[in-house]
Protein chains: 2
Amino acid sequence: MKYSKQRELILNSLKENCSHPTVEQLYEFIHKDQPTISLATIYRNLNQLAENGIVKKIEGLDNTAHFDHQTHDHYHFICKHCHQVFDIPYDIAPDLDQKVKNTTGLNVTSYDIAFRGICKNCQNSIN
Amino acid sequence: MKYSKQRELILNSLKENCSHPTVEQLYEFIHKDQPTISLATIYRNLNQLAENGIVKKIEGLDNTAHFDHQTHDHYHFICKHCHQVFDIPYDIAPDLDQKVKNTTGLNVTSYDIAFRGICKNCQNSIN
DNA sequence: CGCCATATTGATAATGATTATTATTATTGT
DNA sequence: ACAATAATAATAATCATTATCAATATGGCG
């Protein structure tokens, strides 16, 4: 993996945006400072960073991929109203890969939990 | 919801295909007997059936939706090699919505777990 | 039964997210 | 500084899904 200032910028921007942004959101954010950056570059680099375990790609929350600069095990909650993503601690359901192995014999290499609901802010503002 | 023979056919076909088919797979299957059926009809009806709780829509396994004629709580494992989907019993991680509520205060209305790995058949055949 | 309101269909255009293509530019090792 | 290779910007292409709409089917009611 050769250095590029675009990749560095993308990674730093993701670290600043702790809100699990989508590619489009990250593009909007970066585009303000770097108007020449291409959307394809964001896609390419985020996928590359995810493949190398430097960031985490979160799929299955809604119909678009979100990215997370935190790589430690944890789960996610997405608000069906504002689409904001919240972290859910790993220890509410630890070692599920091992439990699946024990009960079914299947070897789990990765897994994700997508929790859905209405977040506290939206719950208040909807009333 | 008004009756239609297409919807009945789609639901019956899903019940016969216990393999968590995608829309495309179900279309191929039905198209053999009913060559005039439209792909849009399959999409429309599966979504409608899912909204009414008659079938279950599984998202987040890969980049396409799968459908399940079983509506009771359970999780899924998708093989990264053959893309077949397997059921994982609910009791390996029960009441996660309640646990999330207790630890974070968030109200979970639905959640899914996507387990990924290589299934036993593929594990053998790859060697 | 026949009529009407309305739901559904089939065909296809449109959309949205993502990936592929390609000529050009940047990075790295020697 | 040069050559090999990776990365970029711009954009076309792809894939899954949804929207549109004229034609057809369903179900209730007189």
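First the proteins, then the strands, lettered A, B, ... as listed; each starts at 1.
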Counting N and O atoms only, with roles assigned by atom type, does the side chain of A:Thr104 sit under 3.5 Å from a partner on the main chain of A:Lys101, one being a donor and the other an acceptor?
-> no
Output yes when a side-chain donor or acceptor of A:Thr71 lies under 3.5 Å from a complementary backbone atom of A:Ile54, and no otherwise.
-> no
Hey, which sits more toward the 5' end of DNA chain D by its nearest nucleotide, B:Lys5 or B:Asn63?
->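 By nearest-heavy-atom nucleotide position, the 5'-most residue is B:Asn63.
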Between A:Arg44 and B:Lys57, who's closer to the 5' end of DNA chain D by nearest nucleotide?
-> A:Arg44
Between A:Phe77 and A:Phe115, ring centroids under 6.0 Å = no
Describe, in one word, how the ring planes of A:His74 and A:His72 are oriented to each other, choosing from parallel (under 30°), tilted (30 to 60°) and perpendicular (over 60°).
->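 Geometry flag for A:His72 against A:His74: tilted rings.
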Tell me which nucleotide among [options] gets nearest to the side chain of [X].
{"X": "B:Lys2", "options": "C:dT8, D:dT8, D:dT17", "answer": "C:dT8"}
{"X": "B:Ala40", "options": "C:dT19, C:dT9, D:dA19", "answer": "D:dA19"}
{"X": "B:Ala65", "options": "D:dT18, D:dT17, C:dG10", "answer": "D:dT17"}

Interface with DNA chain D, restricted to residues 19-39 of chain A and to heavy atoms under 4.0 Å =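 When residues 19-39 of chain A is checked for heavy atoms under 4.0 Å from DNA chain D, the hits, listed by number, are A:Thr36, A:Ile37, A:Ser38.
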Have B:Asp87 and B:Gln70 got a donor and an acceptor in their side chains that come within less than 3.5 Å?
-> yes
Does the side chain of B:Asn17 pick up a donor-acceptor pair with the side chain of B:His69 at under 3.5 Å?
-> no
